Amino acid sequence: MPRVAVFCGAAAPTDAVYVSAAASVGAHLAEHGVHVVYGGSRLGMMGALADSALAAGAQVTGIIPRSLHVPRIVRPGLSTLITVPDMTVRKARLLQGADAILALPGGFGTLDELAAAWGSAAHHEHAKPIGLLNTDHFYDPLLTFLNGAATAGFLAHHPHLRLENLAVVDTDPAALVDALIARAAPPPAACRTLASSRAGT
Ligand SMILES: CC(C)=CCNc1ncnc2c1ncn2[C@@H]1O[C@H](COP(=O)(O)O)[C@@H](O)[C@H]1O
């Protein structure tokens with residue numbers, strides 16, 4: 001069962017379009033048999049994501065820092081809830097267990113988690129596909145920033161991370177989940193055998 005780490009806003013955004021997009025992502029991930037890993041909150045988009053994924057039969061793991069492990073914040077009834085010492089450990093744990101990463105609209109926390117995922121990919125710590133849900137073109141300014149950084153040469157020392165490969169971007173939750181799962185799929189058995197024999201295993 002593929003595991004997808006989802007980053008998204010803990011706040012309830014002013015426009016309900018974001019919350020319904022999060023719910024739609026949860027349902028589509030469940031449809032694909034994905035094990036959802038996220039921040040464990042019941043609030044905002046995080047809550048909408050978890051509610052819909054659980055309702056559609058997905059396994060959902062929450063990873064929450066001790067400071068946020070209070071009834072007002074934790075989503076009860078998760079398949080698994082892991083408590084970690086702090087936000088930094090949580091960020092690492094979210095990334096470690098995942099086969100793919102999906103960022104929905106959010107604020108500081110979401111941006112922090114997304115930047116960490118790109119930062120560690122830049123240093124060859126993982127090659128997990130990253131998806132950006134561009135609801136209402138929320139991520140267009142960030143994509144413009146990345147384009148500018150590439151044009152100015154700030155990404156040139158990470159040639160394996162070409163701009164067009166940084167993320168799968170879509171405004172449609174179903175299309176994005178389909179594309180991300182396709183990228184996260186393990187290679188067919190024959191390729192795996194060839195790759196392992198080349199590696200001498
Ligand atoms: C005081 C209060 C209601 C706090 C609730 N705060 C939070 N609860 C759960 N996860 C969080 C929280 N703040 C940051 N995160 C993490 O950062 C992201 C959300 O942060 P933000 O809302 O985008 O910036 C999530 O993916 C989650 O992993």
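In each ligand, atom 1 is the first atom listed, and ligand 1 is the first ligand listed. Note that the structure is predicted; figures quoted are calculated from it, not measured. Atom set for the values below is all heavy atoms of this structure, side chains included, hydrogens, waters and symmetry mates excluded.
- Hydrophobic clustering keeps F108 apart from L104 (ILVMFWY residues linked when any side-chain heavy atoms are closer than 4.5 Å, directly or through intermediates).
- Nearest protein neighbour of atom 24 (O) of ligand 1, counting heavy atoms only, is G109 N, 2.8 Å.
- Nearest protein neighbour of atom 22 (O) of ligand 1, counting heavy atoms only, is A10 N, 2.8 Å.
- Between atom CG of residue L146 and atom CG of residue L155 there is a gap of 7.0 Å, rounded to the nearest 0.5 Å.
- One distance of note links CE of M1 with CG of D99; it measures 11.5 Å at 0.5 Å rounding.
- Using a 4.0 Å cut-off between heavy atoms, L68 contacts ligand 1 through its side chain alone, with no backbone atom that close.
- Linking ILVMFWY side-chain heavy atoms closer than 4.5 Å, directly or via other members, places I82 and V70 in a single hydrophobic cluster.
- Checked against a 3.5 angstrom limit, the closest N/O atoms of F108 and ligand 1 fall inside it.
- Against a heavy-atom cut-off of under 4.0 Å, G106 is close to the following atoms of ligand 1: 23 (O).
- Put simply, F145 and F138 are part of the same group of oily side chains (I, L, V, M, F, W, Y) that touch within less than 4.5 Å, one to the next.
- Taken together through direct or relayed side-chain contacts under 4.5 Å among Ile, Leu, Val, Met, Phe, Trp and Tyr, L43 and L111 form part of one hydrophobic cluster.
- Donor-acceptor pairing under 3.5 Å is recorded for the side chains of H32 and D178.
- For the pair C8 and ligand 1, the shortest N or O to N or O distance falls below 3.5 Å.
- Not one N or O of R72 is nearer than 3.5 Å to an N or O of ligand 1, by distance alone.
- Other residues, nucleotides and ligands place more than 12 heavy atoms under 6.0 Å from the CZ atom of R3.
- Taking every heavy atom of G9 and a limit of under 4.0 angstrom, the matching atoms of ligand 1 come to 22 (O), 23 (O).
- Below 3.5 Å of separation, one finds no N or O of L43 facing any N or O of ligand 1.
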I'd like to know whether I181 forms a side-chain contact (heavy atoms from CB on, under 4.5 Å) with V4, so could you lay out the CA-CA distance, the side-chain angles of the two residues, the decisive distance to 0.1 Å, and finally the verdict.
CA-CA 9 Å; I181 298 302; V4 174; 4.2 Å; yes
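- In this structure, M87 is part of the shell of residues with a heavy atom less than 4.0 angstrom from ligand 1.
- Between the CZ atom of R90 and the CZ atom of R93 there is a distance of 12.0 Å, given to the nearest 0.5 Å.
- Between I73 and ligand 1, a contact under 3.5 Å exists for no N or O pair.
- Within the listing of ligand 1, atoms 21 (P), 23 (O), 24 (O) sit less than 4.0 angstrom from a heavy atom of G107.
- Near G39, meaning under 4.0 Å from any of its heavy atoms, are these atoms of ligand 1: 28 (O).
- Look at K91 and you'll find every heavy atom at least 4.0 Å from all atoms of ligand 1.
- The ligand atoms of ligand 1 that sit less than 4.0 angstrom from a heavy atom of S41 are 8 (N), 9 (C).
- One option in E113, R42, H69, R90 has a heavy atom closer to atom 10 (N) of ligand 1 than any other, and that option is R90.
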